[in-house]
Amino acid sequence: MKRTLFAAALFAAISTMSTAHAGQIRDGGITADEVAQVLQAKGFKAEITKDSSGDPLIKSAADGTRYSILFYGCKHTARCSAIQFYAGFHLDKGMTTDKINDWNRENRFGRAYIDKDRDPNIEMDLDVEHGFLTEGLANNLDTWGAVVPAFKKFIGF
């Protein structure tokens, strides 16, 4: 009897954990609160603010590097159709176009470019308009968490 109760309790705990970590993001996009919850469940900070257009913006960090999550396609609602991870770096001597093109040619994730000051920036976009799982977002956070240190090493930061 004790084994049966223990097994049932264990099953209930595992089911609850799975539900807490995996959830359906409803059709129509994702909210800043939903993104923040996934970040926090993975142990990251998530400061929700707004950008200059009034759309949500989340500030967080990975590998000791601050980054932003920008929201697109919000259409003045809390649900947004796309998000973008963004990190920018200042290099005293800047970076060449050839060097940044090497990153884009050799790496599948993380689109890189140089800004007007020749500083390197990296972004990663997610389309979340038509159904998305919190597990998928968590997986993309892991990808971003691998892209950032690889990019920092690539640019010598």
Taking only distance into account, with no hydrogens and no angle test, what donor-acceptor pairs under 3.5 Å do side-chain atoms of residues 142-157 form with protein atoms, sequence neighbours excluded?
residue : atom : partner : partner atom : Å
Asp142  : OD1  : Lys42   : NZ           : 2.9
Thr143  : OG1  : Asn139  : O            : 3.2
Lys152  : NZ   : Asp63   : O            : 3.0
Lys152  : NZ   : Asp63   : OD2          : 3.2
Lys152  : NZ   : Thr65   : OG1          : 2.8

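- Under a 3.5 Å cut-off, the side chain of Gln37 and the backbone N or O of Glu34 do not form any donor-acceptor pair.
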Could you walk me through whether Ile122 and Phe89 satisfy the side-chain contact (heavy atoms from CB on, under 4.5 Å) test, starting with their C-alpha distance in whole Å, then the side-chain angles of each, then the deciding distance to 0.1 Å, before giving a yes or no? CA-CA 9 Å; Ile122 190 153; Phe89 302 87; 4.3 Å; yes
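- Taking hydrophobic clusters as Ile, Leu, Val, Met, Phe, Trp and Tyr residues chained together by side-chain heavy-atom distances below 4.5 Å, Val128 shares a cluster with Phe44.
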side-chain contact (heavy atoms from CB on, under 4.5 Å) between Phe71 and Asp51, worked out: CA-CA 9 Å; Phe71 290 73; Asp51 67 14; over 6 Å; no
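- Tyr72 and Tyr86 fall within a single hydrophobic cluster, where Ile, Leu, Val, Met, Phe, Trp and Tyr are joined by side-chain heavy atoms under 4.5 Å apart, directly or via other members.
- Rounding to the nearest 0.5 Å gives a distance of 10.5 Å between CE of Met95 and CG of Asn121.
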Residues Leu137, Ile83; criterion side-chain contact (heavy atoms from CB on, under 4.5 Å); working and verdict: CA-CA 10 Å; Leu137 180 55; Ile83 61 175; 3.9 Å; yes
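- Atom CG of residue Leu126 and atom CD of residue Gln84 lie 9.5 Å apart, to the nearest 0.5 angstrom.
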Per-pair distances, 0.1 Å, donor-acceptor, side chain in residues 105-116, under 3.5 Å, sequence neighbours excluded:
residue : atom : partner : partner atom : Å
Arg105  : NH2  : Asp102  : OD1          : 2.4
Asn107  : ND2  : Trp103  : O            : 3.0
Arg111  : NH1  : Asp125  : OD2          : 2.9
Arg111  : NH2  : Glu123  : OE1          : 2.6
Arg111  : NH2  : Asp125  : OD2          : 3.0
Tyr113  : OH   : Glu123  : OE2          : 3.0
Asp115  : OD1  : Asp117  : N            : 2.9
Asp115  : OD1  : Arg118  : N            : 3.2
Asp115  : OD1  : Asp119  : N            : 2.9

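- Between Ser68 and Ile58 the shortest side-chain heavy-atom distance does not fall below 4.5 Å.
- Ile69 has its side chain within reach of Leu39: a pair of non-hydrogen atoms, C-beta onward, lies under 4.5 Å apart.
- Pairing each heavy atom of Ala87 with each of Arg66, the nearest pair is CB-O, 4.2 Å.
- Looking at residues two or more places apart in sequence or on another chain, you find a side chain to side chain contact (heavy atoms under 4.5 Å, CB included) between Thr49 and Glu47, Leu57, Lys59.
- Across all their heavy atoms, Lys45 and Ser60 have their closest contact at O-OG, 2.6 Å.
- Between the side chain of Ser81 and the backbone N or O of Gly29 there is no donor-acceptor pair closer than 3.5 Å.
- Once rounded to the nearest 0.5 Å, the distance linking CD1 of Ile48 with OG1 of Thr31 reads 7.5 Å.
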